[in-house]
Amino acid sequence: MAEIRDIELPADEHLVRELRAGDLVRLTGEIVISAGLPAYRRLLSELHQGIAPPLGLRGRALFHVGSLGEEAGGEYRLRYLNPTTSTRFNAEMPELIRGLGIRFAGGKGGLGDESAAAMRDTGCVYLSFLGGGCTLLSDAIRRVTAVHWTEMVEHYRLVRVEVERLGPLTVGIDTHGASIYRDLRDDAQARLPDILSGLAEAREIR
């Protein structure tokens, strides 16, 4: 089994630049999550207006992850963490990565080349969450430390969550421009002519 690196948050730029695409990590500390496109559009709009986000994101982790919370014993508790598809945020993430100075982005499915370029320039990596791994990921929740933009529907809010050994998560895009998603796409495209040829031959045999 591949070695899993345990990382305490917030992590400095030097540590993040040591990570390579394909590495496995677990995170302990505070993360920020939101699964709603309106939240990322609001962050970007306010960035353009010079309005600071309601929490400091520089050097932190901002993940495309949904949650469901409930009030219990005077506290706001999360019932689960569940990643959403990051490509939904391709238009917003390059500027947010540069403007907010985040160290970790993440979710499912990766981000585009413009985001990868922003990560390379600023010292940020993309972490791939296990699709369908809601139960495993939710076990890492320790407590909610703050909820911002409560006027928005629950999945759109910015939620600060303290986690312990969240993961394993895969480094999908590193600070050196390597991307497991680009590699998979390029490999699939290279194999496509042979696959189509094989299908054509099979049809002729019939």
Side-chain angles (χ1 to χ4, degrees), residues 1-29 31-35 37 40 57 59-67 81-140 161 163 165-196:
M1 180 177 177
E3 180 181 354
I4 302 174
R5 182 167 183 174
D6 286 293
I7 295 176
E8 296 281 340
L9 300 175
D12 63 30
E13 182 178 348
H14 176 73
L15 183 151
V16 171
R17 289 193 179 277
E18 289 180 346
L19 299 174
R20 295 293 187 271
D23 287 352
L24 298 178
V25 303
R26 282 186 297 243
L27 303 180
T28 295
I31 64 173
V32 180
I33 62 172
S34 177
L37 184 55
Y40 292 89
L57 288 167
R60 294 182 177 271
L62 176 61
F63 292 138
H64 309 136
V65 170
S67 62
L81 298 175
N82 195 38
T84 191
T85 304
S86 295
T87 51
R88 296 167 53 216
F89 314 106
N90 266 334
E92 292 76 26
M93 287 308 297
E95 283 191 77
L96 291 179
I97 291 167
R98 295 182 189 278
L100 300 178
I102 60 175
R103 286 280 169 257
F104 297 97
K108 295 190 301 184
L111 285 166
D113 290 341
E114 290 185 16
S115 291
M119 292 179 200
R120 182 188 63 233
D121 294 343
T122 62
C124 173
V125 298
Y126 178 90
L127 298 180
S128 177
F129 283 68
L130 175 65
C134 177
T135 302
L136 176 64
L137 297 171
S138 300
D139 284 344
V161 189
V163 296
R165 293 165 64 85
L166 175 67
L169 311 174
T170 304
V171 178
I173 304 171
D174 65 25
T175 61
H176 308 278
S179 168
I180 62 174
Y181 306 100
R182 188 189 307 117
D183 291 346
L184 286 171
R185 181 189 64 203
D186 291 348
D187 180 61
Q189 289 176 340
R191 295 172 58 192
L192 185 58
D194 287 341
I195 293 172
L196 293 176

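- Of the inter-residue distances, the one linking Glu3 atom CD with Asp23 atom CG reads 9.0 Å to the nearest 0.5 angstrom.
- For Glu18, the side-chain hydrogen bond (donor to acceptor under 3.5 Å, both in side chains) criterion is met by Arg5, His14, not counting sequence neighbours.
- To the nearest 0.5 Å, atom CG of residue Leu9 and atom OG1 of residue Thr28 are 7.5 Å apart.
- When all heavy atoms are compared, the tightest approach of Gly59 to Pro10 is O-CB, 3.7 Å.
- Taking every heavy atom of both residues into account, Ile33 and Gly66 meet most closely at CD1-O, 4.5 Å.
- Proximity of a side-chain donor or acceptor of Thr85 to a complementary backbone N or O of Thr87 within less than 3.5 Å is not detected.
- Thr84 OG1 to Lys108 NZ: the interatomic distance, rounded to the nearest 0.5 Å, is 6.0 Å.
- In this structure a side-chain-to-backbone donor-acceptor pair under 3.5 Å is present from Asp174 to Ala21.
- Counting only heavy atoms from C-beta outward, the side chains of Ser115 and Ile173 never approach each other to under 4.5 Å.
- The two residues Leu130 and Pro83 have their closest heavy-atom pair at O-CG, 3.9 Å.
- Side-chain polar atoms of Tyr126 and Ser86 form a donor-acceptor pair below 3.5 angstrom.
- The two residues Thr175 and Cys124 have their closest heavy-atom pair at CG2-O, 3.4 Å.
- Considering only residues two or more places apart in sequence or on other chains, Phe89 meets the ring pair (Phe, Tyr, Trp, His ring centres under 6.0 Å) condition with Tyr40, His64.
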TODO: Kindly determine whether Leu62 and Ile97 satisfy side chain to side chain contact (heavy atoms under 4.5 Å, CB included), including the steps that lead there.
DONE: CA-CA 9 Å; Leu62 176 61; Ile97 291 167; over 6 Å; no
Task: Derivation of the side chain to side chain contact (heavy atoms under 4.5 Å, CB included) call for Leu166 and Leu81 - done: CA-CA 10 Å; Leu166 175 67; Leu81 298 175; 4.3 Å; yes
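- In this structure, the side chains of Met93 and Ile102 come closer than 4.5 Å at one or more pairs of heavy atoms.
- Evaluation of the side-chain hydrogen bond (donor to acceptor under 3.5 Å, both in side chains) rule for Ser138 yields no partner, not counting sequence neighbours.
- For the side-chain hydrogen bond (donor to acceptor under 3.5 Å, both in side chains) test, no residue two or more places apart in sequence or in another chain qualifies with Arg120.
- Rounded to the nearest 0.5 angstrom, Asp139 CG and Arg165 CZ are separated by 12.0 Å.
- Residues Ala118 and Thr122 share a closest heavy-atom pair of O-OG1, 2.8 Å.
- Remark: Asp121 pairs with Arg98 by the side-chain hydrogen bond (donor to acceptor under 3.5 Å, both in side chains) rule, at least two apart or across chains.
- In this structure, the side chains of Leu127 and Val171 come closer than 4.5 Å at one or more pairs of heavy atoms.
- Residues forming a salt bridge (Lys or Arg N to Asp or Glu O under 4.0 Å) with Arg60 (at least two apart in sequence, or on another chain): Glu30.
- The shortest distance between side-chain heavy atoms of Phe104 and Leu19 falls below 4.5 Å.
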TODO: Apply side chain to side chain contact (heavy atoms under 4.5 Å, CB included) to Leu37 and Glu92, showing your working.
DONE: CA-CA 9 Å; Leu37 184 55; Glu92 292 76 26; 3.6 Å; yes
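- Within the 4.5 Å cutoff, no side-chain heavy atoms of Leu57 are placed close to those of Leu96.
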